[in-house]
Amino acid sequence: MKERFAIGFDPFVLPFLVGMVFVLGYCLFGLFRILWQLPREDRRKFLLSLITPATALKNIWDIFCNCLLHVKLWKRNKMLGFMHSSIAFGWFMLILLGHLEVFIYCPERVHLFYYPIFFNYFVANNESTIGGAVLFFLMDFFLLLVLSGIALAMIKRVRSRLFGMRRTTRPSMLDRIGLYSLWAIFPLRLLAESFTAHISGGSFLTIPANWVFRQFLGNDLNLLPTWWAYSIALGIFMVVLPFTRYMHIPAEMMLIPMRNAGLRIRHPRKGFAKMQVLSCPGCGVCIDACPMSVQKVNIKDCTVYLNRQIRRGNEKRIEEISDKCLLCGKCEAVCQVGVEGPKMRVAQRSVRRYGLTPDFAAIDTAPLVQAAAAQVSKAAAGPKVLYFSGCMTRLTPSIGKAVTSLLGKAGVEFTWMDREEGLCCGRPLLTAGRIDAALALIRKNQEIILGSGASVLLVSCPICYKIFTERYSLPGVRVVNYADFFAELLEQGRLKLEKSDICYVYHDPCELGRGCGIYETPRKLIGQAAGIAEAEKNRAESICCGGSLGSLTLDFAHREVMTRKALDNLYGSRADAIATACPLCLSTFRRYSDRPVRDLAEVLDASTVSSFQP
Amino acid sequence: MIDFGFGLSRSSSVKLDEVDLGLYHKLEALEPGVRVCMSCGSCTSTCTAGPWSGMSVRKLILNLQRGKDVEKMLSCCMLCGKCTMVCPRGINTRHLILSLCRIYGKKQ
Amino acid sequence: MIYQGKQRIWSDYQKDIPADGWFYVRSCIRQNFFPASEKYFLAICRDLLGHDIYETEHHTTCGGIAYHSDTIPQETAMTIVARQFALMKEAGYKNLVTSCITSFGNYTEILETWREYPELEARIRENLWKATRREFDKPEYVAHASDLVYKYRSEIAERARFRLVDKETGLPLRIVEHIGCHYSKMFPHKGIGGAEYPCVLSGMVESWGGEVVDYPERRHCCGFGFRQYLVKANRGYSVSNTHKKFESMEPYHPDAIITNCPGCPYFLDRWQYVIAEQTGKTYGRDGFGIPVFTYEELAGLVLGYDPWDLGLQLHQVAVEPLLDKIGIEYDPSAKYLGVNKEDLLKPQMPTVLKCC
Amino acid sequence: MEKIAIIGGGIAGMEAARRLLQLGHEPVIVEKSDHLGGHVAGWYKLFPDMMSARELVEQLAAGLDGVTVYYRTRVANMNRLGSGYSVMLSNGVNLQCGAVLISTGFRLFDASRKEEYGYGVYDHVVTNSDLEAWLGGAPDYRIPDNPASVAFVHCVGSRDLKAGNPQCSKVCCMTAIKQAIEMKEKFPQADIWCFYMDLRLFGKKYEDFYIAAQRDHGIHFVRGRVSEVSEDIDGRVVLKAEDTLAGTPVKLSADLLVLMSGMLCNEDTQSLARMVRADVDSDGFMRSRDNIYRINESNRPGIFFAGACTGTKTVPETVGEARAAALDIHNYLSGND
């Protein structure tokens, strides 16, 4: 190998250079700004995590798996996974190998960072070394890999269904420019390297192409224009990158360390949230996942559009999207880069200004504490169980009745904390973004629970359960979901079940499944009490019933369509009945279901055969 | 002015045509559902906050339609959503309440 | 307002009032508030028009005011009324005419009660006999003095020196009529024109050249309401109701108010001063109030009696602007002269309400 | 003589069959249950005359001599054939008819869907039809022997978007008052409460019932919709509502709760409609050609309606409509439409 030009420069590298400098400058500036926006403790935490070996290694591993290999996408759809990883990993390898070539053949040029990109233009092949042949082969191989990915990407634009996506986002103008320039880069590189292959050498792809081209265009005049074109395509791509969805490429690489550092969204637009917005690749996986997308009017209200509107600063739409969401969490569950859609929305809601703020000072908890304490103290030996059924359960009395019956059968003495009057758990206020009010309510409930002297807080509503576990401070009190509690009672032999012939399909309530990670216990319990079937979309991909309190603006008619869609998913299992573990899902489904809908407690109660004999 | 030891008392009747419906109209724009309330009272009786603050979405809507103040009533609302669940006309009462809380802010 | 509609209602509520043979009973409070009104009722109807109206100095209160103030039971009021009937029988009259609206209501109410419960009437007869050894016949007809003036309104109009018109423009004066609650609100058929649109006063106004003003609170009570005024703690309620009426009639710019009840002219007149002091607001032109007249005073004015003989100097609200408007001559310097022309001294003038 | 298929042997079908027979036609009644009379057959007494429902059904049945009635039979298929219809029945019979009368009536709202009222969950909650059956002599363990108080909740599954029926069922107000009076007569010591949203007493003599309920029976009326019901330690039902006139939340412990289930369109009716492509209205009931003058006529030739399949109806309205439908069919078949 020898260099063709002593100065090692040609004007055609300028477009690339401009683009490169711009994008690097932009990203570095952006990164510093985001770091600056982080609250102090978060920033410390983040910087510390970068130098902690364990997290640093994890960062590298996560970036490799997610940004280059797109492991999550492979799990979702093979074609989609191949397309993304071929482009990302192939490109990465081209850059890496390019550097290797420069390092090996002209180490004095290492500091010129356009050199690895346009290596083939600047060198001439004088002798065939084994190493060179291997490198050339690899370069051609990865270029072919990238080209296959680009080909798939083109097909995807026309037929997204082949890739398992019913709907994708509509790219904006700049997105299109970015997209077309990205598509252009690699065919142009192939062209440029092919025209140069008789000078610089090549491999299985470029040498035959060079031979073919030389049959038609027998001189080297075409050589330079193709390199120009290649450089211009690169330049355009890099200049528009910060303003397109391709920003996710650099952003995600920073999001992963931030997440690994344990940061949380503290501000709806700044810091960690901003990083999430920038990391959104706009792939649109969340559109199909979103329960609202059954109706066309709501398609533009899923997380990908929230991110897009935040980037555009369209306040009106940001508010609409933030308020409409059911907070079911499915977009987060399916998101490839880990954008926390629901948390972003709650953060948006939390900065809203209200002229009226709830004031719970007027609520005197003393009588409630007294009533609960009097009951709790009556209980005999063993854990002092306090049962919190939650507001919604008053409208689904069958749950309370079944829980009471089951506890009676198991011989568990308990106190029903909110049988007559009770306070809300605070989660609806929290999800509405009224965090201070929610905390005030939480303090009131804490007073009651701690004042009652109970040692176990049994919760049947997953909406309440989530906030009890996440936001309450209840020292000495074990907060337990009723599914877990009944599972324990079964293990202890205090409840005995006999399988009935009814076959249930279990609907994972958003708050219990995605919210609290409880998927298996209810299934295990139902499996012991009756037959169990699975719906097509289940567990983390379960479809929200549409009744969620998360949405502030969705009206009744729109919710109905979602409920019916969720029911259709459940009907698909061909089960006789539907079981769930949330009062809100229960009443929402019961409104429209063509088959019985039962709560977990009801299912268990109906199959309990023997009573506990103390 | 002479102190007679008694004075004019304000009329308790509401002059419907002179009522300031500004707040109600603003709310209507944000949550049109407010128009279809038929005053059945389901929301009031199911209200979690009711025992503490006299919260009643029915009264709230009616008071707004009569130009009366509703601020006090809203103070204990926990947004628990039971009223939304029981409303036979499908009114999004939570959004109604949140919207009202916001409008109050803009007024001041 | 559809005038024909009112006429149709009036046609249902007409009274066939006998022309003559009346036994006249006076009001307790009018002689203090509007001392000349009853005098001029007799002067006009008996002396000028020549109708047979008899009165005796032996009659007493009818008990209505005490009854409505919850200080005597109805049986007591009935026995008092029975005594008046006995006096009428002794005088040989069969038709009773009362000066007071509350008396009219009281007599009517008692007669209606007796009609429903004859045993009660028998007991009252017994009471009266035991107490006074008198016997009574129920009157054939009970009328209010305004009913009679209504009946004679055309005769008065024929002899009138003035008409209720603005002498400058020739346009009719705008007059508010206010009927006492006890006139027809209890028994609509006992009042001329019924309870909703009584025409006893509007008939007079129209035949004497004026124009009646209909305003939204036309039916509302003057605010007296017996206990509402008599108990000081409730007096704010009383004045508030008067205030409501004035607020309602204000846009019509009435020239005068005509009333047929003892309490109404008094309260509509005096409360204007109190309202002016409390709110700084007056309802007439140029800081004056709206003058309030009894029907006898208004009849006296159109017939050309001297305003000071009619007792108009006892009004709180100055009547002079209206007299000027109609063109009635009067001697301003004679306003505060007594019967024997001695100077009664001009009273202290209020600060807000303009008076002369 | 042409056959006329009458689908549904309730009072509408019976009356129409009787009249068509008189007009010289050959009506055939297809009834899915094993008896004629439909809902009315299970009713005890009919307002406003407190006539025995059984008597009415017997009277109507008496006029059906010579009418073929297929019990426990449904329509399997129905097609336009020539100028008439070919009706395939589930028992294998194939009817060639000149006209079809749909008189499939209504179904009662399933009260357990309003789960906050606890029907099927609490011990002492019944529906209007349960109570009627009990009044007619059928035993019902849910109804206590000597209730001290009985609560009626109007509009259960009516005027309720959440229950899927925004319409007023129109007869329940009157039924509630009728049943309230009947309960008061049975249990003079009991307090009877009616929780209503609006009292819609529009028919002849209905207001008399209302006045009698207030004046003669001392039935309490509370304007407010019950929002939730719970059960106390003695098994009594505890109702929560707002007294919207007083503006205060109220609670009532009652020994018996009666839910006035509303009227919905029969699902069978909708499948029939699909067979002949007759229109279903936005309220789920059949769509008449108009709702003023041609209530009996569908948008398809030869398909007629009678009774509650086109909307909630009272008994006299249903019977009257059945007669009108018979005349319409007669005119249609004789070509002088």
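Letters go in sequence order (proteins before strands), and every chain restarts at 1.
- For the pair D:Arg159/B:Pro88, no side-chain contact is recorded, criterion being any heavy-atom separation below 4.5 Å from C-beta on.
- Interface residue B:Arg89: backbone and side-chain heavy atoms are both found under 4.5 Å from chain D.
- Your options are B:Gly50, B:Cys83, B:Ser39, and the one with the most heavy-atom pairs under 4.5 Å with chain D is B:Ser39.
- Interface remark: B:Cys87 contributes backbone and side-chain atoms alike to the contact with chain D (heavy atom separation under 4.5 Å).
- Minimum interatomic distance between D:Lys162 and B:Met85 (heavy atoms only, all atoms of both residues): NZ-O, 3.2 Å.
- By the 4.5 Å heavy-atom criterion applied to side chains, B:Ser45 and D:Glu228 are not counted as neighbours.
- When all heavy atoms are compared, the tightest approach of B:Val86 to D:Glu116 is CG1-OE2, 4.3 Å.
- Of the listed residues D:Arg223, D:Lys251, D:Met197, the one with more heavy-atom pairs under 4.5 angstrom with chain B than any other is D:Arg223.
- Side chains of D:Glu242 and B:Lys59 form a contact here, defined as non-hydrogen atoms less than 4.5 Å apart.
- Of all heavy-atom pairs between B:Thr44 and D:Pro249, the closest is CG2-CG, 4.3 Å.
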